[in-house]
Amino acid sequence: MQSLLWAVSSCRSLVNCQAIHALVIKSQFINNGFIGDRLVSIYTSLGFNDYARKMFDEIPDKDLVSWNSFISGFSKRGILALCLNAFQRMRNEADLKPNKVTLLSVISACTVDGALCEGKCFHGFGVKMGYMEEVKVANVLINMYGKLGMLDAAYVLFNTMKARSLVTWNSILALHAQHGHSDDVVGLFNLMRRAGVKPDQATMVALLQGCTELGVVKQATVVHACIFKCGFEGDMLVSTSLMSLYAKSGQLIAANVIFGELTKPDAVAWTSMLASYAMHGCGSEAIKLFENMVDGGIYPDHVTFTHLLSACSHAGLISEGRKYFEDMFRVYGVQPRIDHYSCMVDLLGRAGLLEDAVSLIRSMPMKPNVGVWGALLGACRIHNNVELGKEAADNLFLLNSSDHRNYIMLSNIYSASGQWKDASKIRSMMKGRRLVGDPGYSLFEHGNRVYQFVVGDQSHPNSDKIYAKLEEIVRKVHEAGLVRQTEFILHDVEEEVKIDMINKHSEKLALAFGLLVTNTSIPITIIKNLRICGDCHSVMKFVSLIEKRTIIVRDPKRFHHFANGMCSCKDYW
DNA sequence: GTAGGGTTAG
């Protein structure tokens, strides 16, 4: 009997499971509830809901564990409807009182499904049943609130807990990291240490994610040292996060070193390296890596393809992108998802093949989402296509009317083609809906600080020197006869005013500061919250040549490496 | 307790 239990639990495929199932029937243990419970969870976890239901119905004396196996099976698969249905049946048909395990399952199903209302109900249920003292129940609720956008509610729960476990701390850290609240991550981590809780690899992963949001170079080295000291350097999860952090801080080579040190990288690690190449615009390296991954017998999944396609898109590798998009299902059996369509629309649109992008959207088997229309809108901005841009924007407004970026993008498309009236109409529409754009800023790390610059910023104590350096750059640019690209200033103002505005862009200020305070041997790394402007892009190229400096700029999506008067993006971005 | 997912990587 014990060996049968083991055998059932070890099933990894349907055939396997059915064979054992037959054995169970033959051995007359089929009426044994314990074995039935296991078979139910295996069938659900493999996704064979009908087999699971049939097996479940055949269990003679269903106890709480039987019901929990059934419910948690659906929960694991993220099928909330079946989960809730089973929960109701359990109470109505069997008249059983759900215990904490039941609650854990249904609440995590709500988290996966984004069902905040139902989740709140179960929270209330937990309070009523007196389960809130259970650390695991509180943890799963913290996670639910945090994942569903109610970080405050999660924090209140965390704060009111009498006893917290390591997982509680890890959860609250991870949630703050995922919401981009880096300072809170650092603060909470210090509290955790003071509370005498010993961190594990999940803690490290959350910390690393928190640093990614800070987006600074030095942070990666500091946490790396901490990881090394704590003995987590061989951990695959930690290494993968670390790799990603280095890549996101502009240190592609460091990321590559960590990847190289992994003895047996899994699909996630390979994909992380691939994503790093994609982010840095290294299309052919990404493709080479992908081929090595496949040759090594590692199966690419849908995330791998998202990054592979985005790598092709960033590098303008149109035919390669088309080929991989076709191959992903035909050769690798990975069904294209909506994100892959977004990537393809981006790839085609960016290359100016707007008609191809549109026909791809029309032929999609699913309804296009904000990602797809957003990619088209972005392409229309690059290629100044008012008509298609309007269509994309209209669809975006229908799907989400509160994202200011779409209004700005459309307004810019109008301005770029001189349609100032339409542009200002969109601006006032934005005002009417009380939407304010993100002010653009650039970050630069120096010493132990991160400096933030906005357009025309004068808040830095050495502002005078920064502006003097900036003037010097502008003068050299002028002397070299470099054509200024004022079309990136989308206001209906005089040319002279435009030049003045463009000269004070946050990335230029950060660059001037970087030139003043750093040694020539290290690259100047600037982080932007918005896409780099075209004029700044050419000025950066020029400065990299005359000052003999490497300049690295990260925008929300990718990196530009400037050296010897050229950019790694080859002016394709 | 027979043991039924508390967090964490691209």
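Note that these values count all heavy atoms, side chains included, but never hydrogens, waters or copies made by symmetry. Order of the sequence lines fixes the chain letters, A, B, ..., with proteins taken first and strands second; residue numbering starts at 1 for each chain.
At whole-Å resolution of the value, CG in Leu188(A) and C1' in dT8(B) are 16 Å apart. For the pair Asn170(A) CG and dT8(B) P, the computed distance is 9 Å after rounding to whole Å. Between the CE atom of Met144(A) and the P atom of dT7(B) there is a distance of 13 Å, rounded to whole Å. Distance Ile59(A) CD1 to dT2(B) C1': 13 Å, rounded to the nearest Å. Look at NE2 on His176(A): it is 15 Å from C1' on dT7(B), rounded to the nearest Å. Atom-to-atom, CG of Leu141(A) to C1' of dT7(B) comes out at 14 Å; the value is rounded to the nearest Å. One can place CG of Leu208(A) at 11 Å from P of dA9(B), the figure rounded to the nearest angstrom. One atom, NE2 of His123(A), and another, P of dG6(B), lie 18 Å apart when rounded to the nearest Å.
The listed nucleotides are dG6(B), dT2(B), dA9(B); the one nearest the side chain of Val65(A) is dT2(B). Which of dG10(B), dT8(B), dG4(B) sits closest to the side chain of Val205(A) comes down to dT8(B). Among the nucleotides dG6(B), dT2(B), dG10(B), the one closest to any side-chain atom of Val140(A) is dG6(B). Nearest to the side chain of Lys136(A), among dG6(B), dG10(B), dG4(B), sits dG6(B). Of all nucleotides listed (dG10(B), dG6(B), dG4(B)), dG10(B) comes nearest to the side chain of Thr304(A). Checking dG6(B), dG10(B), dG4(B) against every side-chain atom of Val303(A), the shortest atom distance belongs to dG10(B). Side-chain proximity of Val101(A) to the nucleotides dA9(B), dG4(B), dG10(B) is greatest for dG4(B). Side-chain atoms of Asn99(A) lie closest to dG4(B) of the nucleotides dA9(B), dG6(B), dG4(B). The side chain of Ser244(A) approaches dG10(B) more closely than any other nucleotide in the set dT7(B), dG10(B), dG4(B).
Thr102(A) comes within 4.0 angstrom of no nucleic acid atom, judged by non-hydrogen atoms across all strands. When heavy atoms are screened at a 4.0 angstrom cut-off, Ser276(A) is found touching no nucleic acid atom at all. Counting any heavy atom pair closer than 4.0 Å across all strands shown, Ser239(A) reaches no nucleic acid atom. At a threshold of 4.0 angstrom between heavy atoms, the contacts of Thr271(A) include nucleobase atoms, whether or not backbone atoms are also involved. Backbone-only contact: Ser272(A) has heavy atoms under 4.0 Å from sugar-phosphate atoms and none from a base. No contact: Thr306(A) has no heavy atom under 4.0 Å from any strand. Residue contacts shown for Ala206(A) are absent, as no nucleic acid heavy atom lies under 4.0 Å away. Residue contacts shown for Val137(A) are absent, as no nucleic acid heavy atom lies under 4.0 Å away. At a threshold of 4.0 angstrom between heavy atoms, the contacts of Val167(A) include nucleobase atoms, whether or not backbone atoms are also involved. At a threshold of 4.0 angstrom between heavy atoms, the contacts of Met236(A) include nucleobase atoms, whether or not backbone atoms are also involved. Residue contacts shown for Asp200(A) are absent, as no nucleic acid heavy atom lies under 4.0 Å away. Nucleic acid contact class of Ala267(A) (heavy atoms, under 4.0 Å, all strands): base.
Side-chain rings of Tyr277(A) and His307(A) stay apart, their centers remaining 6.0 Å or farther from each other.
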Check against ring-ring contact (aromatic ring centres under 6.0 Å, His included), Tyr43(A) and Phe48(A):
CA-CA 5 Å; Tyr43(A) 276 130; Phe48(A) 297 96; 7.2 Å; no
Is there a side-chain hydrogen bond (donor to acceptor under 3.5 Å, both in side chains) between His314(A) and Tyr572(A) once you walk through the steps?
CA-CA 7 Å; His314(A) 284 167; Tyr572(A) 186 86; over 6 Å; no
Full working for side-chain hydrogen bond (donor to acceptor under 3.5 Å, both in side chains) between Thr306(A) and His340(A)
CA-CA 6 Å; Thr306(A) 304; His340(A) 303 111; 3.2 Å; yes
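Taking only side-chain nitrogens and oxygens, Gln209(A) comes nearer than 4.0 Å to OP1 or OP2 of dA9(B). For Lys147(A), no side-chain nitrogen or oxygen approaches OP1 or OP2 of dG6(B) to under 4.0 Å.
Evaluation of atom-type donor-acceptor distances gives no pair under 3.5 Å for the side chain of Ser241(A) against the base of dG10(B). The base of dA9(B) does not come close enough to the side chain of Asp235(A) for any donor and acceptor atom to sit less than 3.5 Å apart. No donor-acceptor contact under 3.5 Å links the side chain of Ser72(A) to the base of dG4(B).
Remark: the backbone N or O of Phe559(A) is not paired with any side-chain donor or acceptor of His280(A) at under 3.5 angstrom.
Among the candidates Ile527(A), Asn529(A), Ile526(A), the single residue satisfying the side-chain contact (heavy atoms from CB on, under 4.5 Å) test with Leu443(A) is Ile527(A). Across Phe305(A), Phe329(A), Phe290(A), a single residue satisfies ring pair (Phe, Tyr, Trp, His ring centres under 6.0 Å) together with Tyr324(A), and that is Phe290(A). Residue Trp270(A) is tested with Val294(A), Leu262(A), Thr240(A), Ile298(A) for a side-chain contact (heavy atoms from CB on, under 4.5 Å); the sole match is Ile298(A).
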